[in-house]
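Convention: sequence-line order gives letters A, B, ...; per-chain numbering from 1. Here the structure is a predicted model, which means the values were calculated and not measured.
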Amino acid sequence: MIISTLNEYYEILAKKQLIAQEGFREVKICAIVYISYDGELIDIIPHKQNVQKGKKMFEESKPLLIPFLDNPSSIKSRLYETRGKYIFGAKLSDKKEKQPQILITDEPSFQAFRQANLEALDEVCGKVSNALKAFINKWSPQKAMEHEKVQEFKDELTGYFLFAVGSPLNYISEDKELLSLWADVVNDEADAQNGRCSITGQLQAIAKTHDKIQGVVNANASGASFVSFNKPSDTSYNKEQGLNSPISIKVMRQYTKALNYLLHRNNKQCLTVGGTTIVFWANCQDATYADVVNRLFGTNDADNSLGQELESEIHKAIQLCKDGIRPNLETLKIQENEKVYILGLSPNSARISVRFFYHSDFYTFFNNIIQHYNDMDIEKQANQKFDHAPIWSIVNETISPKSDDKDSNPLLHGALLEAIITGRQYPQNLLCTLVRRVRIDSDDDKNHFIKINNVRIGMIKACLVRKNRINQIKEDITVSLNENERNQAYLLGRLFAVLEKTQQDSTGGQLNATIKDKYFSSACATPGSVFPTILKLAQAHLAKIERSVYLEKLIGQIIGDMECSFPAQLSLDEQGRFIIGYYHQNKALYTKKNNEEE
Amino acid sequence: MYGIKLRVWGEYACFTRPEMKVERVSYDVITPSAARGIIEAIYWKPQIRWVIDRITVMNPIVFINVRRNEVSEKVSAQKAIRQSKGGDAEVFIVASENRHQRAAKLLRDVEYIIEAHFELTSESTPELEKKHYNIALRRMKEGQCYKQPCLGTREFACHFQLMEGETPESRNEGEVDLGYMLYDLEFKFPEITKENIVYSNDAAPVFYRPKMMNGVIEVAKYYSQEVMK
């Protein structure tokens, strides 16, 4: 399913000419090797660009579209060789203590390069090919040791080099004669066995090894394989390598190209959530769906370069969905039955494993995300950063602000995203972690950290609401204060908020530490032991307030609504309701106070 | 032609896709090969060959992800032969030295109704068809099996029950195109005679392209339409 849909996507990308054709790839070239028409090395010219990473500018090799195929791990060369140690026959000595690395010869690599290229270039005699042949014949690893230019580049011999001839510089990647030879190299299926491809169903040459995928976070830097069989326990029926999972060479090249394209951060169809790298695509011709999805996930660029029109259309569609009406997605330039695919990938050293693969029509996906926004909807806080909290901000709330390790639980991240996309139950320990954070953390004015903020409360509410919906329990957990709610824990939360207000008012609002800092955690978990104490304190506070009628009435009303005495313990769900009740009442009290003053 | 209807269910299942065998990803539904394996675990003789007719997928398709520590090596067959002949060879794997972590994407809470019939092979005579049928029926009724039937891989054991009467309706709706799926493995071997029985390890996969309509896959129809070897 996954490989066949990626294959289809490749065809669409190829039609739109967004993807390099067969046998070409964008590769980072660190320098150009300038040779004369009779094969003399004239110069080695660096090929760099300045790239901004974070706040600093770095010098990096510039990428160039050249004929390129994955290099085998043994000493083997081919036409269009780009590796420094093969071209020059020189490499840096091994790293040893207290000894600087020097240039030494690498005879076997150079011989491999020489043989492969002379063989390939045997028949041709264009100017560029002759220049290349002359260079190969005249050069030797000894020369590399003596040539000052090679010494200059000795630290970069592990990078990729490209030959160029003549002036103005003609890269060999553009020479027509060499390119026609390249087509033969790419389609070389000399030792490929025929078999039934499991994707197309046709009898074709089966790929022995699959091209590498680059861009999955925490995987091997040089690329990891989606399909690979390198341990004996992975193979079966005595089949070797790629024959264990028959996929034709053509399909293999196509799906790996499509996946590499998606993982390229510039194409904006990739996001990283915890340890999982997620790519999404649709078979649309238009690129606007990528913007819409990024907007929904909150992964837009900081400069938010969505057009005014698109932004307002998205807003309208979100509103309609919230009201339960199906929006017309054509305003967002998305076809009615468009399917969207979301693939979550996770690294396993040199391999990539699939964490989840979600596919549905766009409307269902859109609706599920709006459902999540709805579930999380809670009364706004002053200085609230986002209208709809993006996923990373939710996950950040599960980390303790005092801990050194700023990484969240990666399983939680992936599970949360899956729950949002599919509309299923949130991960079980999300509620537990958030409640624990609210109870344990303390407000920190210096870092502008508030322990009871709208993101946390919103997510707690979302967990409870969704649990109720899936288990078909009818309960109304509202966005703002619900004075008709009779749930015990909710009322206790409200009561706590009122008592805290009482304390603040009794000293004229000057206190730094209220009962919230001292008693919140225990009031939440074991109200029976704490509430009698703080009620007694409240009486003392009430005595100091001049106009205490309103507060007294409110306290009396809440206690009157409670059925029986304070429960000894509250369950996890109940603690969640306590926190929500506290938040609602808190917001209501402070807005009312502002209204009174006005 | 005698057909049986078997209800099979389990907590986990993994019908591994051949293209993603190492980091296992399961197919969405059971393969006819796995269904045949379940029935063969209950009753099989060289005289019969089970053929799957129809599969009904009862539950919605739900995936979960797990990561397991497995072994990376296989015990060499040559060493085992050498040791059995009296030679000196190590026929074990030290698990702690050959660790290999593999992720797997499994199916959760599966339930299938498998409808199948058997055909007699060349080793049998037509009168004995009824005998085989009755034995198979009895074994399914009483829950007897030679080995525990499993859902794809052996660690996911399944429960089974003979189904009589109407097949219940599946919870899946609509038409789903399942793409190319493994139908079964075909083994190639030279002429077998009673004197030289040959064991073949040369297997080639056979694919078919099923569509699931309201949870029902007409295996027979899709296989005969597109026989792909």
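Within 6.0 Å of atom OH in B:Tyr12, 12 or fewer heavy atoms from other residues, nucleotides or ligands are found, so the atom counts as exposed in its surroundings. More than 12 heavy atoms of other residues, nucleotides or ligands sit less than 6.0 Å from atom CD of A:Glu11. Counting non-hydrogen atoms of neighbouring residues, nucleotides and ligands closer than 6.0 angstrom, the CZ atom of B:Arg154 reaches no more than 12 such neighbours. Heavy-atom contacts from other residues, nucleotides or ligands closer than 6.0 Å to CD of B:Glu173 number 12 or fewer. Environment of CD in B:Glu166: sparse, with no more than 12 heavy atoms of neighbouring residues, nucleotides or ligands closer than 6.0 Å. Heavy atoms of other residues, nucleotides or ligands lying less than 6.0 angstrom from CG of B:Asp88 number 12 at most.
The residue among B:Ser72, B:Ala104, B:Pro18 with the most heavy atom pairs within less than 4.5 Å of chain A is B:Ser72.
The two residues A:Val354 and B:Asn65 come nearest to each other via the heavy atoms O-ND2, 3.5 Å. Across every non-hydrogen atom of B:Met20 and A:Phe226, the tightest pair is SD-CE2, 3.3 Å.
The line from CZ of A:Arg355 to CZ of B:Phe63 is 14.5 Å long, rounded to the nearest 0.5 Å. From A:Ser225, atom OG reaches atom CD of B:Glu23 across 10.5 Å, with rounding to the nearest 0.5 Å. A:Phe356 CZ to B:Ile64 CD1: the interatomic distance, rounded to the nearest 0.5 Å, is 15.0 Å. Interatomic distance, B:His100 NE2 to A:Asn348 CG, rounded to the nearest 0.5 Å: 7.5 Å.
Only the backbone of B:Val71 comes within less than 4.5 Å of a heavy atom in chain A; its side chain stays farther off. Contact annotation for B:Leu185: only side-chain heavy atoms (C-beta onward) come within less than 4.5 Å of a heavy atom of chain A. A:Ile2 touches chain B through its side chain: at least one heavy atom from C-beta onward sits under 4.5 Å away, while N, CA, C and O do not.
By the side-chain hydrogen bond (donor to acceptor under 3.5 Å, both in side chains) test, B:Thr167 is found to be paired with B:Lys5, residues two or more places apart in sequence or in another chain being considered. For B:Glu70, the side-chain hydrogen bond (donor to acceptor under 3.5 Å, both in side chains) test picks out B:Arg102, with sequence neighbours left out.
Looking only at side-chain heavy atoms (C-beta outward), B:Arg67 and A:Ser353 come within less than 4.5 Å of each other.
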